[in-house]
Amino acid sequence: MVRQIELLTKAQLLNVWNINAVRYSRDRKKRAGMIAMAALRGLLVLMMAGYVGGAAYAYILLGMEDVLPMYLGMIAGVFIFFFGMFQAGSVIFQKNSYEVLCALPISQTAVVVSRFLVMYLGNLLLATAIMLPGMAVYGVMLRPALSFYVWGVVGTLFLPMLPMTVAVLFGAVITAVSSRMKHKSMVATLLSVLLVFGLMAMGSGLSVLEERGELTADLMRNFSGILSEAIASVYPPAVWLGQMMTDGSPRAAAMYFCRSIALFAAVMALVAVNFRRICRSLYSVTARHDYRMQELKIRSIPCALFVKEWKRYVSSSVYTVNTIMGPVLMLLFAVGIFVAGKEKILELVPVPPELILRAVPFLMAAMSCMMTTTATSVSMEGKQWWITKSLPVSAKDVFDAKILLNLAVIAPFYAVSEALLLIVFSPGLMESVWLLVLPVVLMTFACVFGITVNLRLAVFDWENEVTIVKQSASGAVGGFGGCLLILLGAFPVVFVTQVSAHLMRFAVLAAVLAATAFLYRRNARTNLGTVG
Amino acid sequence: MLTIQNLTKHYKGSDKGVTGLDLEIEAGDIYGFIGHNGAGKTTTIKCITGIQDFDEGEIWIDGLSVKKDAMACKERTAYIPDNPDLYEYMTGIQYLNFISDIFRVSAAERRERIETYADAFEITSSLGDLISSYSHGMKQKLAILSALVHTPKLLILDEPFVGLDPKASLVLKDVMRNLCAEGGAIFFSTHVLEVAEKLCNKVAIIRDGRLVAAGRMEDIVAKGGSLESTFMEVAVNGQTD
């Protein structure tokens with residue numbers, strides 16, 4: 001059994017981050033792409049380390065060093081949970097290798113244990129990237145006892161267990177519930193979005209800080225206590241980890257280790273016992289074999305391509321959940337402003353009201369385009385890309401459908417958000433026009449930019465769409481890059497006050513339109529035969 | 001119908017590809033394309049269908065350049081790959097309707113053709129199911145239907161008989177003969193030399209990216225011999241006239 005686990009784990013690790021493909025692929029372009037992606041991941045880890053290190057430094061300067069270890073534990077836990085939720089399907093219940101392994105003389109316990117191990121190792125890297133810089137800053141500034149480091153290192157080793165196990169449970173339940181429904185992906189998407197926002201609402205324990213008013217001196221004195229109270233309400237294991245590291249509390253250590261190991265082992269055993277049953281239920285497909293020819297609906301080429309894009313979009317809950325979060329955030333932003341009211345907003349954000357109105361269109365667009373569908377839509381064609389390439393359709397038609405889909409996904413959220421904002425701010429005619437037009441232009445730019453990036457960083461030979469939606473260079477550059485460019489456009493409009501605001505917005509609008517037109521024309525001229 | 005002149009395509013960082021390939025396929029031809037694994041068959045086919053760009057040479061379909069009139073060439077062509085990766089999120093009928101929309105096939109024609117071929121390949125009852133529930137053979141049949149629904153002048157097939165049941169193979173052979181009788185042309189790769197020998201009037205043999213034999217079947221196959229023995233001599237042992 002141990003030998004089987006070892007062999008299976010090694011085999012799966014070869015596939016992690018395309019290590020084997022980078023080592024043995026003879027396609028230089030492909031290798032270069034993979035190495036660039038690895039470099040991007042490294043950069044993201046460095047950015048994360050920089051953020052954690054900076055936060056740790058600030059915590060210590062503010063005299064909140066007691067809370068720092070538990071804060072690090074909570075950040076790591078939350079990250080592992082959200083990254084892990086979609087890994088249940090792609091790692092633990094992976095379909096392709098399941099069918100191959102079923103035919104081999106390998107115990108299903110070995111298969112499950114090896115998959116949990118692979119997921120654990122990936123999450124351990126994430127936990128280390130968060131804990132290590134924080135611990136280093138703590139160590140340099142406060143010179144703690146050796147026990148701090150010992151408990152810190154051991155605690156980090158066990159850190160992924162709880163959030164990862166809970167993520168697997170949630171992921172499996174969502175997949176299992178949705179697999180019994182007719183519209184599997186739509187149900188999975190709805191459940192995932194509800195879960196994420198439900199957890200965010202539960203996490204509003206942290207908003208206790210805001211409810212207690214401004215950061216008065218009195219509050220600062222009690223800040224550590226309030227924060228640790230808030231963390232305890234959101235993620236108690238982080239508090240145990242913190243107490244273990246700072247006080248060496250045996251009770252906290254016992255709680256932390258026992259609960260982590262117990263839950264991890266229990267869920268792993270549960271999955272191992274029911275592995276085949278779960279996989280069978282997840283992968284069973286219903287075919288009714290009762291079709292009779294009916295009248296067939298005719299569509300124009302652009303309409304047929306759009307419908308195809310729509311079907312692709314709603315067929316994948318991973319794709320839908322990840323790309324719909326931005327528009328949902330935009331809507332929540334507008335609802336928040338609507339509920340709080342204009343006066344409360346002006347009270348909370350002590351800047352002239354006209355500045356808020358200037359920034360809002362950019363914030364709306366940036367939020368809704370945090371992860372555009374277009375940034376991964378070409379890669380999402382995967383092994384079926386040959387169909388598009390062999391059809392008599394122009395690149396322009398293909399990309400138009402992808403851009404339209406992205407705008408169609410945002411449209412209902414945009415409409416409701418705009419209505420709420422117009423009611424709250426009751427702006428004049430010109431301000432209303434800017435509030436309505438600027439986001440549309442910026443969103444269109446982000447969609448076109450997404451296609452441009454994806455064409456250059458397209459990957460088609462993937463096995464699991466998670467690697468494209470959540471882990472691809474194109475998704476990161478196309479999504480966050482577009483978002484960043486939109487926010488850059490906000491700077492002159494919000495901060496250059498010497499020039500007329502209308503003139504400045506007009507200049508930004510013209511620049512964005514020109515950039516969009518340039519990229520759009522360039523994309524439309526693409527020879528699809530050279531892509532992929 | 002299909003003219004290939006000096007087709008050259010090489011992949012960066014790989015010694016695979018096609019070099020200086022010339023071929024002429026006329027209306028009415030069923031042209032077999034054979035060669036060992038990695039010889040360059042699929043590369044050639046992908047260049048013809050516009051799935052892949054090529055480095056040198058020119059390809060004409062029905063007198064139109066694949067490079068200059070790509071859209072017009074694709075409108076005249078249908079391609080069936082060796083591994084039919086179709087849109088798994090669509091049902092069979094949705095996929096056929098999508099292809100018909102792209103090729104602007106009228107409602108009456110698409111219905112008539114789908115009914116005819118779906119019945120012949122025995123997949124009518126499955127057309128309402130998601131393609132993800134199809135077996136390899138059913139996907140292959142659906143890919144064939146999608147190629148026939150717009151009555152192409154040139155049909156390009158990569159290993160079309162892999163995964164098909166005996167009856168479907170027979171139906172496909174009949175369809176291929178009928179298409180050629182009506183003035184179309186077929187170019188297909190295969191490893192099943194017996195099928196190629198019986199079905200094709202012309203054959204081309206490719207070895208390491210270069211064409212080593214091409215022409216009428218009776219000219220290529222030595223008298224009293226078989227395509228298999230010719231292939232072994234030409235493509236494996238490297239003997240050419």
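In the text below, chain A, chain B and the rest are named by the order of the sequence lines, each starting its count at 1. Everything quoted here is computed from the prediction, not taken from an experiment.
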Can you tell me how far the CG atom of B:Asp101 sits from the CG atom of A:Leu305, to the nearest 0.5 Å?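 One finds 9.0 Å between CG of B:Asp101 and CG of A:Leu305.
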Going from CE on A:Met293 to CD1 on B:Ile114, what distance comes out if it is rounded to the nearest 0.5 angstrom?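 Between atom CE of A:Met293 and atom CD1 of B:Ile114 there are 5.0 Å.
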So does B:Glu58 have more than 12 non-hydrogen atoms from other groups sitting under 6.0 Å from CD?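 Counting neighbours around CD of B:Glu58, more than 12 heavy atoms of other residues, nucleotides or ligands fall under 6.0 Å, so yes.
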Within a 6.0 Å radius of atom CH2 on A:Trp462, are there more than 12 heavy atoms belonging to other residues, nucleotides or ligands?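 Enclosed: over 12 neighbouring heavy atoms sit under 6.0 Å from CH2 of A:Trp462.
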In the structure I gave you, are the side-chain heavy atoms of A:Lys308 and B:Tyr87 within less than 4.5 Å of one another anywhere? yes
Side chain / backbone / both / neither for [X] at chain A, heavy atoms under 4.5 Å:
{"X": "B:Ile123", "result": "neither"}
{"X": "B:Tyr95", "result": "side chain"}
{"X": "B:Leu130", "result": "neither"}
{"X": "B:Gln94", "result": "side chain"}
{"X": "B:Arg76", "result": "neither"}
{"X": "B:Ser106", "result": "backbone"}

Search all heavy atoms of [X] against all heavy atoms of [Y] and return the closest pair with its distance.
{"X": "B:Met71", "Y": "A:Ser394", "value": "SD-N, 3.8 Å"}
{"X": "A:Leu296", "Y": "B:Ala107", "value": "O-CB, 4.2 Å"}
{"X": "A:Leu391", "Y": "B:Phe98", "value": "CD1-CE2, 3.9 Å"}
{"X": "A:Ile301", "Y": "B:Arg104", "value": "CD1-NH2, 3.4 Å"}

Under a 4.5 Å cutoff for heavy-atom pairs, which residue among [options] has the most contacts with chain A?
{"options": "B:Tyr79, B:Phe54, B:Tyr89, B:Phe103", "result": "B:Tyr89"}
{"options": "B:Gly50, B:Ala72, B:Pro81", "result": "B:Pro81"}
{"options": "B:Glu75, B:Arg110, B:Gln52", "result": "B:Arg110"}

If only atom types and distance count, is the side chain of [X] paired as donor or acceptor with the main-chain N or O of [Y] below 3.5 Å?
{"X": "B:Lys74", "Y": "A:Pro392", "result": "no"}
{"X": "A:Trp386", "Y": "B:Asp85", "result": "yes"}
{"X": "B:Asn97", "Y": "A:Lys297", "result": "yes"}
{"X": "B:Asp53", "Y": "A:Gly529", "result": "no"}

Using a 4.5 angstrom heavy-atom cutoff, name the option from A:Arg288, A:Arg312, A:Glu295, A:Lys383 with the most pairs to chain B.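 Of the candidates given, the most pairs with chain B belong to A:Arg312.
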Checking side-chain contact (heavy atoms from CB on, under 4.5 Å) against B:Ile102, which of A:Thr388, A:Ile387, A:Val393 comes through?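 Considering A:Thr388, A:Ile387, A:Val393, a side-chain contact (heavy atoms from CB on, under 4.5 Å) with B:Ile102 is found only for A:Val393.
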